[in-house]
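Have a look at the structure below, then the notes.
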Amino acid sequence: MFKCWTVLLVLHLFCDVVLATQCGKVWLTVSSLWRPIAASNKVIDAELEVNWDLDCPPNIEQPDTIKVFTADPAHNKTVKPQLTLFLPEHPQGYYRTNITVGRPHLPGGWDAADGAALPGPHCLKHYAALYKDGVILTSSCLQIWPTWMYDLRRQLGRLPIGTLMIPGTHNSGCYKHGDLTRRDAFQRYLLTQDRDVWTQLIHGIRYLDIRVGYYPSFPNTSHGEGSVHGSRFWVNHDVIRITPLMTIIKDVRNFLDVAKGEVVILDFHRFPVGFEGRPSRHHRLVSILHQAFGGLILKPDRGVDGLGPTMNYIWTSGKRLIICYGDKHTVNEYDWLWPPMTQAWGNKQTMEDLLEYLNDVIIGNTRPRSNQNPLWAVMAELTPCPLDIILNPSGGLRQMADSVNRNLTILFQDEWWKQTNIVATDFFLGNNLIDVAIQANIKKSNIAKWRL
């Protein structure tokens, strides 16, 4: 029964690729932008976005309509569309709706870390379908895929982890849990995500970018950390503390316990507050990590050709957590910490400059290289400069993410997927890179088979 389910899953993915090639593709994302509500502290955010790519062959007529539903139109013939788009009126391939997604329950039992969750992809509430003359050509849903790595183990097993395309988030712990308010929205240059780490992982994110601060005068005792030292570590956005680190650690541990075959990369990339000249604080942090994850930690391994261990090797070992650590002196003291990871960060303030930089790094292969760590990450987000924060208070990271996320989906889907390892973004639901990465890894697997 399980083999049949796996075969059907692969056939479904293959058919999606074929349909996309023949008839175009449609997908849903979630806007990072927000709108105020008059006379209210609340704001409207997390609105649905419809995206499509109609690069169809000349002998096939272009689709003419997209409809958005709250159920699968292929199985529910009576469901009425919430929105109908006539494509000749929208040549840009993108439409932001006023349909609010909110923060829905996660399907398949993934709301709680109780071990009762179902593997495989699961659709959330909204579907989009592409039509020609009233006939559905293809459709997709806003979905989670909490077990995509292990679900595709027959395709991905022989690939070194350094060759996979792995979706990630930038400043992963800088989020607001729960509904957004005007006060939160005005923290325009602090929050980089609008889902917590548990939800990021459930959607399919596998790389987490963490910056840690130590605050001896600000222990957080509201999250049950159980350790005074543990409660003094916070996830930072630069020098501003945002989220207790133990909250992130618990989310990752719970996910690894429930999603038995998934591999997660934790990148402790910087330590901007409280660590300078204090090696004992690094030792405390490392001790907390070892206590939390113990037997799940994979030791550094450059693998064959310096591309890291294969996924089959990782699964056989049972060690499914890679911890990269941004302090070389500390790494030298612990054989299970991976060396600092190379991040290709452009420090760009405009979409055009960022995309040019990313193209040079990915296609032109100009990224800085590390001889110790086979993993590397593209940081595909804009970076405000100090003058932006002072002179452009009405802007912010949400607007910056909105300006690049759609472009990233297309570029990684069409051009950059072959050479990419890890790609980290702000407000990850505003792009489709989790799905792009899954499809890219299937293609990479097929290429590897042809070379054998």
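Just one of Ile240, Asn236, Leu397, Asn171 meets the side-chain contact (heavy atoms from CB on, under 4.5 Å) condition when paired with Leu190; it is Ile240.
Interatomic distance, Phe412 CZ to Leu358 CG, rounded to the nearest 0.5 Å: 6.0 Å. Considering CG of Asp353 and CG of Leu382, their distance stands at 9.0 Å, rounded to 0.5 Å. Atom CG of Leu164 is separated from atom CD1 of Ile422 by 9.5 Å, given to the nearest 0.5 angstrom. The line from CD1 of Ile442 to CG of Asn446 is 8.0 Å long, rounded to the nearest 0.5 Å. How far CD1 of Ile166 is from CD1 of Ile265: 4.0 Å, rounded to the nearest 0.5 Å. Rounded to the nearest 0.5 angstrom, Thr192 OG1 and Arg398 CZ are separated by 9.5 Å.
Side chains of Thr29 and Asn51: a donor on one and an acceptor on the other come within 3.5 Å. A donor atom on one side chain and an acceptor atom on the other are found under 3.5 Å apart for Asp111 and His105. For Thr425 and Asn431, the side-chain atoms include at least one donor-acceptor pair closer than 3.5 Å. A donor-acceptor contact closer than 3.5 angstrom is absent between the side chains of Asn432 and Gln413.
Taking both residues in full, the closest heavy atoms of Asn421 and Ile161 are given as ND2-O, 3.2 Å, listed atom of the first, atom of the second, then distance. In terms of heavy-atom proximity, Pro107 sits nearest to Cys123 at CG-O, 3.5 Å. Scanning all heavy atoms of the two residues, the minimum distance from Pro374 to Gln372 falls at CD-O, 3.7 Å. Residues Val436 and Met165 come closest through the heavy atom pair CG1-CE, 4.1 Å. Here the closest heavy-atom approach between residue Gly173 and residue Ile242 is recorded as O-CG2, 3.9 Å.
Under the 6.0 Å cut-off for aromatic ring centres, Tyr127 and Phe69 do not qualify, their centroids lying 6.0 Å or more apart. The aromatic ring centres of Trp145 and His122 sit 6.0 Å or more apart. The aromatic ring centres of Phe271 and Phe233 sit 6.0 Å or more apart. Side-chain rings of His237 and Tyr189 stay apart, their centers remaining 6.0 Å or farther from each other.
Of the possible donor and acceptor atoms, one in the side chain of Tyr357 sits under 3.5 Å from a partner among the backbone N and O of Trp345. At least one donor-acceptor pair closer than 3.5 Å links the side chain of Asn254 to the backbone N or O of Lys250. Side-chain atoms of Ser172 come within 3.5 Å of backbone atoms of Asp209 as a donor-acceptor pair (strictly under, hydrogens ignored). Within the 3.5 Å criterion, the main-chain N or O of Ala292 finds a donor-acceptor partner in the side chain of Arg253. Checked by atom type and distance alone, the side chain of Asn407 pairs as donor or acceptor with a backbone atom of Ser403 at under 3.5 Å. Looking at Ser40, its side chain does come within 3.5 Å of a backbone N or O of Lys42 through a donor-acceptor pair. When atom types are taken as modelled, the side chain of Asp402 and the backbone of Ser32 share no donor-acceptor pair closer than 3.5 angstrom. Proximity of a side-chain donor or acceptor of Thr366 to a complementary backbone N or O of Asp360 within less than 3.5 Å is detected. For Lys444 (side chain) and Trp417 (main-chain N/O), a donor-acceptor pair under 3.5 Å exists by modelled atom type. In this structure, Asn373 contributes its side chain and Leu375 its backbone to a donor-acceptor pair below 3.5 Å.
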Checking His126 against Cys141 for the side chain to side chain contact (heavy atoms under 4.5 Å, CB included) test, could you report, in this order, the C-alpha distance in whole Å, the side-chain angles of both residues, the deciding distance, and whether it holds? CA-CA 6 Å; His126 294 97; Cys141 64; over 6 Å; no
Apply salt bridge (Lys or Arg N to Asp or Glu O under 4.0 Å) to residues Asp45 and Arg103 and explain how you reach the verdict. CA-CA 10 Å; Asp45 72 322; Arg103 286 153 182 81; 2.9 Å; yes
Steps toward side chain to side chain contact (heavy atoms under 4.5 Å, CB included) verdict (Leu85, Lys67): CA-CA 6 Å; Leu85 297 174; Lys67 296 181 181 179; over 6 Å; no
With side chain to side chain donor-acceptor pair (under 3.5 Å) as the test, would you mind laying out the steps for Gln193 and Thr169 before giving the verdict? CA-CA 8 Å; Gln193 307 298 332; Thr169 49; 4.7 Å; no
For a side chain to side chain contact (heavy atoms under 4.5 Å, CB included) check, start with the C-alpha distance between Leu159 and Ser445, then their side-chain angles and the critical distance, and finish with the verdict. CA-CA 7 Å; Leu159 295 180; Ser445 172; 4.3 Å; yes
Can Asp194 and Lys176 be said to form a salt bridge (Lys or Arg N to Asp or Glu O under 4.0 Å), step by step? CA-CA 6 Å; Asp194 53 8; Lys176 165 66 164 54; over 6 Å; no
Go through His170 and Asp426 one step at a time and tell me if the side chain to side chain donor-acceptor pair (under 3.5 Å) criterion holds. CA-CA 6 Å; His170 164 245; Asp426 287 345; 2.7 Å; yes
Assess the residue pair Leu298 and Trp338 against the criterion (side chain to side chain contact (heavy atoms under 4.5 Å, CB included)); give the C-alpha distance rounded to whole Å, side-chain angles, the decisive distance to 0.1 Å, and a yes or no. CA-CA 9 Å; Leu298 180 71; Trp338 289 55; 3.8 Å; yes
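A 4.5 Å side-chain heavy-atom check between Trp148 and Arg206 finds at least one atom pair inside the cut-off. The shortest distance between side-chain heavy atoms of Val212 and Val235 does not fall below 4.5 Å. Residues Met400 and Glu381 are not in side-chain contact: their nearest non-hydrogen atoms beyond the backbone lie 4.5 Å or more apart. Counting only heavy atoms from C-beta outward, the side chains of Val43 and Ile37 never approach each other to under 4.5 Å. Counting heavy atoms from C-beta outward, Gln82 and Thr97 have side chains that stay 4.5 Å or more apart. Leu48 is listed as a side-chain neighbour of Leu142, based on a closest heavy-atom distance under 4.5 Å.
Ring pair Phe255/Trp110 is tilted by interplanar angle, where 30° to 60° counts as tilted. Between Phe268 and Tyr325, the ring-plane angle classifies as tilted under the 30° and 60° cut-offs. Using cut-offs of 30° and 60° for the angle between ring planes, the Trp336 and His290 rings count as tilted.
The side-chain tip of Arg406 points at the ring of Tyr94 from less than 6.0 angstrom away and within 45° of straight on. Figure legend: Lys25 and Trp27 shown as a cation-pi pair, the cationic atom lying under 6.0 angstrom from the six-membered ring centre and within 45 degrees of its axis. For Arg241 and Tyr215, the positive end sits near the middle of the six-membered ring, less than 6.0 Å away and at most 45° from its axis.
The number of heavy atoms from other shown groups lying within 6.0 Å of CD (Gln92) is above 12. The number of heavy-atom neighbours closer than 6.0 Å to CD of Glu333, taken from other residues, nucleotides and ligands shown, is above 12.
A salt bridge between Glu47 and Arg35 is present, with a side-chain N of the basic residue lying under 4.0 Å from a carboxylate O of the acidic one. Ion pairing between a basic and an acidic side chain is recognised when a charged N comes within 4.0 Å of a carboxylate O; Arg211 and Asp267 show no such pairing. No salt bridge links Arg320 with Glu262; every basic N to acidic carboxylate O contact stays at or beyond 4.0 Å.
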